[in-house]
*Asks:* 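Below is a structure I'd like to ask you about.
A, B, ... follow the sequence lines: proteins, then strands. Residue 1 opens every chain.
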Amino acid sequence: MAAFQEPAMDKRFPQYDELDLPKVAEEVLKQWEAEDTFGQSLELRKDAPPFVFYEGPPSANGLPGIHHVMARAIKDIFCRYQTQKGKLVHRKAGWDTHGLPIELGVEKELGITKEDIGKKISIEEYNAACKKAVMRYTDVWNDMTRRIGFWLDLEHPYVTYKTKYIESVWWLLKQLYDQDLLYKGYTIQPYSPAAGTGLSSHELNQPGTYKPVKDTSVVALFKVKRDAKSEFLFADAFGDVFIMAWTTTPWTLPSNTALTIMPSQLYSRVKTFNPYTGEPQTVILAKPILLMGRYFQEKNNPDFLREIARTLGPNEPDPFRVYDGSGKNIPWKRAGEYYGYDLEGIRYEQLLPYGTPEGGDAFKVIGGDFVTTEDGTGVVHTAPSFGADDMRVARQHNIGTLTLVDLQGRFTKEMGEFAGKYVKNEYYPAGTAPEKSVDVEISIKLKEMGRAFKVEKYEHNYPHCWRTDKPILYYPLDSWFVRVTSKKDRLIALNKTINWKPESTGTGRFGNWLENLQDWNLSRSRYWGVPLPIWRTEDGDEELCIGSLKQLKEEIARSVAAGNMPADPIAAFDPADMSDANYDTVDLHRPYADNIVLVSPSGKPMTRETDLIDVWFDSGAMPYAQLHYPFENEADLKEKFPADFIAEGVDQTRGWFYTLHAISTLVFDQVAYKAVVSNGLVLDKNGQKMSKRLGNAVDPFKTLDEYGADAVRWYMISNASPWDNLKFDAEGITEVQRKFFRALFNTYNFFALYANIDKYVPPSPREKGSGDEGALTEMDRWVLSRLNSLIKLADTNYTEYEPTIAARAIQDFVVEDVSNWYVRLNRRRFWKGDTGTDKSAAFQTLHRCLEVVAMLSAPIAPFFTDRLYRDLTGACVHLSDWPKADEKLIDTELEERTKLAQQLTSLVLSIRKKEGHRVRQPLQRMMVPVLDETMRKRLSAIQELVLNEVNVKELVMLDPSESKLAKKIKPDFKKLGARMGKLMKSVAAAVNGFDQAQIAALETEGSLQLTVEGQEVELLRDDVEITAETIPGLSVASDGQLTVALDITLSDELRQEGLARELVSRIQTLRKESGFEVTDRIHLHILDVGDARLTRIVQQHSAYILSETLAVTPEDQVIVSSLPAGSPGVHQVELDDTLQCALSLVRSAN
RNA sequence: AGUCCUGUAGCUCAGUUGGUUAGAGCGCUACACUGAUAAUGUAGAGGUCCGCAGUUCAAAUCUGCGCAGGACUACCA
């Protein structure tokens, strides 16, 4: 063992004047880049088992915000941790380059609208502009990524618009196609007739699109056809039988093809009159609606009227017979009730027979889960063409559709007198709208036909096109779908194997989403995206899905041969050549893909379906497409799929998390990721969402400049769990800097200061564990025990994706255990005495603590900890192996008794404060009642420590059984409650009322009989807690079961000793003020002012005073009759209120 | 509208399987300590544990119904 040596350099451990985290980050970053530390970390683990991470591609056409710092920090933490744990962690960057946000940005920039595409600007030019725009901010993103310390392979990102990437996407689509999981069908989409384009949900979610509007609503009457199925409704019939259904869009009534009811709901049959024609009729509606009185008021119920009549007089006429047909106070009468499922399958007459439905049955009552009794009649008028729910339920029941509105928003020619009219008045050019909207006209027509029950204005929110400001329609458009619903069970089953953080996102938000799964609408009528690789003949009878460029090239060759195309547009491409240069000769975007015409098996030309695919499919394809699978790297996929871990914002739950899961389940029947962390939002400090509009967005670069990435990351992680929303407050970062980083920094600086002075050399790794274990003190072993417990705790929590718990534990350890306890109580060992084994043990212990803390914190604060670790060991922390907890060093008993010492110390200091005795004044005695043997043992072990810390001479243990301590008794509710049950309250009251004699009796007897509420109960010693409360005549404090008494009488000796300490304290302060180094020796002289107290103090304690202040003055020369006049080393000091003196201190020559 | 998250001191957050004095840090006030410390110690002020109802001997904790903030999905007669 050679702990103290001449080092090669002057100062082995660098010391710093101040903590500048941004500067540290900058310097360390340069070092990483110079040394390619990231590359080294991969090289180091190149043969290690992989830990697979996927980077969710951000869209690089927007600037990064502070929330991206959060998301990227989380990703980085677990990748670094796993690297330290010995795994190989590849992290490939990626960019999401397609989609609407990019198109919108480009349109804004070029000052064009969607309609201009293909007219003012060619698709080719448009897409070129998108391609250029999309990587605009990559530099800014890369810069932020580097600055926050996120290790990511930015040199070789996957980019979704690259031909190789698209080829993999096509391959995946082909896999789906071959499994019959891709189909074309109608879907109801938000559509703006004014703009002539479908709208995405993104567009629909623009602010201000939903506006309150007043529409004409109608309760229409659908006439039931009388047949075997409906016969029961005609028993005792009163006129025709109708089903009532409500709509706020009367223009959809001609396109009605079904009525939807709730199968489990009760429906009532009601006899009444038509309000507009006065004809007798029988109607059907949901029973709760009837009872609500929305359409039928109780006062018009004949049963009720007759009842009143009876009380008034005998010969009142039957109101049902004498109804005047005025439409007011229409009598009605209940005539039976049925469940919804009794009504299912009943047929009715078409309400407005303008058109004939296609593709299935029609005019039938069906069951659906979306029907409520909130609005309307409990029966939903179902027009599959104009409602998503309608379409879905119609499909389930094989109901046909009727679309009597064209793409301009006008009624079609079948619509007779309505043909050519716009269904919404807003669609007419300004000033040309008719007085009566078609909604009103249809209502009037229904009234005249006797098919209306009620017509009124209804105010509700309705979406508007954000560009034209006119109401949108829901309209059926041709779309391609992925049949995810056919694999629903598999999706759900596989999801259950995923480790979601937090769990509720997986079971709740994501689980529910899967339970209510709809087929995935892949189609987008856009320009900048992956084209759908499906070619069709004009009649749609023959189609071909292309799954590779090779296949495409072959088909092109056939087509050229058949004379459909003059030449092969990708002639330069060689399918066997995987070079980028080769792939760069091909562009699969529009319009190039559209220009390719293939030939069908029967020889007909086939053109591409013009749709693009949903950009979410691009990102969900990244596990495969980033490798250009299966065309390259086929073997790699085994190692790089599925991911062990991914992380993104919770807003990706139904976005990227879903598309990854869906594609991997459908194509590979596997999960795409084993664990996923979904982080919450970053809000401003008031809990408001950050937005440019509100001006409360935080600039990530400014924040990093000001505080450094380490503090920002530590703050974000330690403040709240990643999945909780973070209220971002810069004050919090300052606090983290002050508390955690400064404590760590100061502790290191303290270590470096004395380690350099003593030329301490830490043991090499090989020597570790064979060094100075024998010389370790109680406190060394304590802090090492805490340290090893911390290693275990941090390890578990990083493994379980709980970084917040790890960060908080590390922070507590550094601030409380190391800085405020271990270093404070042990500092003398570092600067006092010889360089012996005790000192070496202290250095070794502190060194170990700092080194391990650096390793445990490295995932979260990568820059500062690397600097710290390098300063301590010369190596890079990110290339280090995660420390192993040494169970042998974990001593819970030791941790317990140290806790007792800390409590005792705190109590004594509290008494000192109360009594006005500063800690420098020694006191004679403290007394502690001992509750049991364990406590006695603990006290003996820690008494030195406590006495030192609180400056008391002796600790007396009091045996509670023989002492005259006053006791306090408290029931143990948990134990007693279980036994006593209802008597608990009375028993507690009785116990709290015990006097000292009763307590003593219980203690000696072990049990006590009580009579409570007339019942005999037995109280056991274990049912209560008995504590010593006061010690008569002494100053006392207590905390829980622990009580301390302090003897505060001061003898002359104690007083003198106190003054000696005061003197030392003054001299130390002067040393510091004079700018002396801690190692400087001094000459100390004290002027004899003739006060006997002073001379006695100096005589009695001179050895102590001299050694504490590093004075080299001989003991008998301290007191002098005169000080050198005018010397800069002369000072007046005050020891207490009555004692003053003058002294001089001068730096000694050696 | 549905699903999910959050609601505890002025602020940021802990709070075990329900157990009676609900905690910590920051901030504030006062005092002390300081030869590593813009540190620390002690004390004080500060609470309708979002509300209501229920289960229970006992609810911050469990259940139900609401309220507020947030997220996502949907927008439906």
*Asks:* Tell me which one of A:Asn679, A:Ile733, A:Leu726 satisfies side-chain contact (heavy atoms from CB on, under 4.5 Å) with A:Met716.
*Replies:*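 When A:Asn679, A:Ile733, A:Leu726 are each tested with A:Met716, the side-chain contact (heavy atoms from CB on, under 4.5 Å) holds only for A:Leu726.
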
*Asks:* Is it true that the side chains of A:Thr248 and A:Ser217 contain a donor and an acceptor less than 3.5 Å apart?
*Replies:*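 There is no such pair (donor and acceptor under 3.5 Å, judged by atom type) between the side chains of A:Thr248 and A:Ser217.
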
*Asks:* In Watson-Crick or G-U wobble terms, both distances under 3.5 Å, what is the partner of B:A45?
*Replies:*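 Across all strands, not a single nucleotide pairs with B:A45.
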
*Asks:* Identify whether any heavy atom of A:Ala720 sits under 4.0 Å from a base atom; if not, whether one sits that close to sugar-phosphate; answer base, sugar-phosphate or nothing.
*Replies:*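 Sugar-phosphate, no base atom in range.
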
*Asks:* Categorize A:Trp723 for me: base, sugar-phosphate, or nothing, with a 4.0 angstrom heavy-atom threshold over every strand shown.
*Replies:*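 Nothing, no nucleic acid heavy atom in range.
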
*Asks:* Describe the nucleic acid contact of A:Leu909 in one word from base, sugar-phosphate, nothing, applying a heavy-atom distance below 4.0 Å.
*Replies:*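 Counting heavy atoms under 4.0 Å across all strands, the contact made by A:Leu909 is with sugar-phosphate only.
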
*Asks:* Parallel, tilted or perpendicular for A:Phe453 and A:Tyr295, by the 30°/60° rule?
*Replies:*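 Plane angle over 60°, so perpendicular.
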
*Asks:* Under 30°, 30 to 60°, or over 60°: which ring-plane class applies to A:Trp520 and A:Tyr658, parallel, tilted or perpendicular?
*Replies:*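 It falls in the tilted class, 30° to 60°.
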
*Asks:* How many Å lie between CG on A:Asn679 and P on B:A71, as a whole number?
*Replies:*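 Checked: the CG to P distance equals 14 Å.
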
*Asks:* For A:Trp616 and A:Phe657, what are the C-alpha separation, side-chain angles and deciding distance, and is it a ring pair (Phe, Tyr, Trp, His ring centres under 6.0 Å)?
*Replies:* CA-CA 10 Å; A:Trp616 287 108; A:Phe657 296 159; over 10 Å; no

*Asks:* Does the structure show a Watson-Crick or G-U wobble partner for B:A68, both distances under 3.5 Å? Name it, or say none.
*Replies:*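 Across all strands, the one nucleotide that pairs with B:A68 is B:U6.
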
*Asks:* Please compare A:Pro502 and A:Gly655 by the position of their nearest nucleotide in RNA chain B and report the one closer to 5'.
*Replies:*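 Taking each residue's closest nucleotide, the earlier one in sequence belongs to A:Pro502.
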
*Asks:* Report yes if at least one side-chain N or O of A:Ser1065 is closer than 4.0 Å to OP1 or OP2 of B:C33; otherwise report no.
*Replies:*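 The answer is no; no side-chain N or O of A:Ser1065 sits under 4.0 Å from OP1 or OP2.
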
*Asks:* Under 4.0 Å between a side-chain N/O of A:Tyr474 and OP1 or OP2 of B:C75, yes or no?
*Replies:*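 Answer no for this pair, as no side-chain N or O of A:Tyr474 is under 4.0 Å from OP1 or OP2.
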
*Asks:* Looking at B:C11, which nucleotide sits across from it as a Watson-Crick or G-U wobble partner, both distances under 3.5 angstrom, or is there none?
*Replies:*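 Its partner is B:G25.
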
*Asks:* Please report the distance, rounded to the nearest Å, between CD in A:Gln903 and C1' in B:G23.
*Replies:*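 After rounding, the gap between these two atoms is 15 Å.
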
*Asks:* Does the side chain of A:Arg738 get closer than 4.0 angstrom to OP1 or OP2 of B:G27 through an N or O atom?
*Replies:*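 Yes, A:Arg738 has a side-chain N/O under 4.0 Å of OP1/OP2 on B:G27.
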
*Asks:* For ring pair (Phe, Tyr, Trp, His ring centres under 6.0 Å), just list the numbers for A:His67 and A:Phe728, CA-CA rounded to whole Å, side-chain angles, deciding distance to a tenth of an Å, and then say yes or no.
*Replies:* CA-CA 9 Å; A:His67 55 289; A:Phe728 185 89; over 10 Å; no

*Asks:* Mind checking the C1' distance from B:C76 to B:U63? Whole angstroms is fine.
*Replies:*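 Their C1' atoms lie roughly 32 Å apart.
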
*Asks:* Classify A:Val823 by what it touches in the nucleic acid, base, sugar-phosphate, or nothing, heavy-atom distance under 4.0 Å.
*Replies:*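 Base contact.
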
*Asks:* Over all strands shown, is A:Gly732 touching base, sugar-phosphate only, or nothing at heavy-atom distances under 4.0 angstrom?
*Replies:*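 Contact class for A:Gly732: none.
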
*Asks:* Side-chain N or O of A:Asn725 less than 4.0 angstrom from OP1 or OP2 on B:U6?
*Replies:*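 Negative; the distance criterion is not met.
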
*Asks:* Might you work through the ring pair (Phe, Tyr, Trp, His ring centres under 6.0 Å) test for A:Tyr191 and A:Tyr474, ending with a clear yes or no?
*Replies:* CA-CA 6 Å; A:Tyr191 175 79; A:Tyr474 288 89; over 10 Å; no

*Asks:* Can you check whether A:Lys739 has a side-chain N or O nearer than 4.0 Å to OP1 or OP2 of B:U12?
*Replies:*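 Looking at the OP1 and OP2 atoms of B:U12, neither is under 4.0 Å from any side-chain N or O of A:Lys739.
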
*Asks:* Using a 4.0 Å heavy-atom cut-off across all strands, classify A:Asn820 as base, sugar-phosphate, or nothing.
*Replies:*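 Answer is sugar-phosphate: A:Asn820 comes under 4.0 Å of backbone atoms only.
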
*Asks:* Would you classify A:Arg912 as touching base, sugar-phosphate or nothing, given that sugar-phosphate means primed atoms plus P, OP1 and OP2, and contacts are heavy atoms under 4.0 Å?
*Replies:*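 Nothing, no heavy atom under 4.0 Å.
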
*Asks:* Return no unless some side-chain N or O of A:Arg742 is found under 4.0 Å from OP1 or OP2 of B:A39.
*Replies:*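 No.
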
*Asks:* Taking atom types as they are modelled, is there a donor-acceptor pair under 3.5 Å from the base of B:U6 to the side chain of A:Lys727?
*Replies:*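 Side chain to base: no pair present.
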
*Asks:* For B:U20, give the paired nucleotide (Watson-Crick: N1-N3 plus N6-O4 or O6-N4; G-U: N1-O2 and O6-N3; both under 3.5 Å), or none.
*Replies:*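 Pairing partner, where one exists within any strand: none, as none qualifies.
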
*Asks:* Could you check which nucleotide pairs with B:A36 in any of the strands shown, counting Watson-Crick or G-U wobble with both distances under 3.5 Å?
*Replies:*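 Because no pair has both required distances under 3.5 Å, B:A36 counts as unpaired.
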
*Asks:* Answer with base, sugar-phosphate or nothing: what part of the nucleic acid does A:Ser504 contact at a heavy-atom distance below 4.0 Å?
*Replies:*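 Sugar-phosphate, no base atom in range.
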
*Asks:* With a non-hydrogen cut-off below 4.0 angstrom, is A:Thr905 in contact with a base, only sugar-phosphate, or nothing?
*Replies:*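 Nothing: the residue A:Thr905, judged by heavy atoms under 4.0 Å, touches no strand.
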
*Asks:* Select from A:Asp972 and A:Val650 the residue whose nearest nucleotide in RNA chain B is closer to the 5' end of that strand.
*Replies:*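 Nearer the 5' end of the strand: A:Asp972.
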
*Asks:* Any strand counts, and the cut-off is 3.5 Å on both contacts for Watson-Crick or G-U wobble. Which nucleotide pairs with B:U73?
*Replies:*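 For B:U73, the partner nucleotide comes out as B:A1, under the 3.5 Å rule.
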
*Asks:* Determine the interatomic distance between C1' on B:U12 and the same-named atom on B:G7; round to the nearest Å.
*Replies:*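 Between the two C1' atoms, the distance is 14 Å.
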
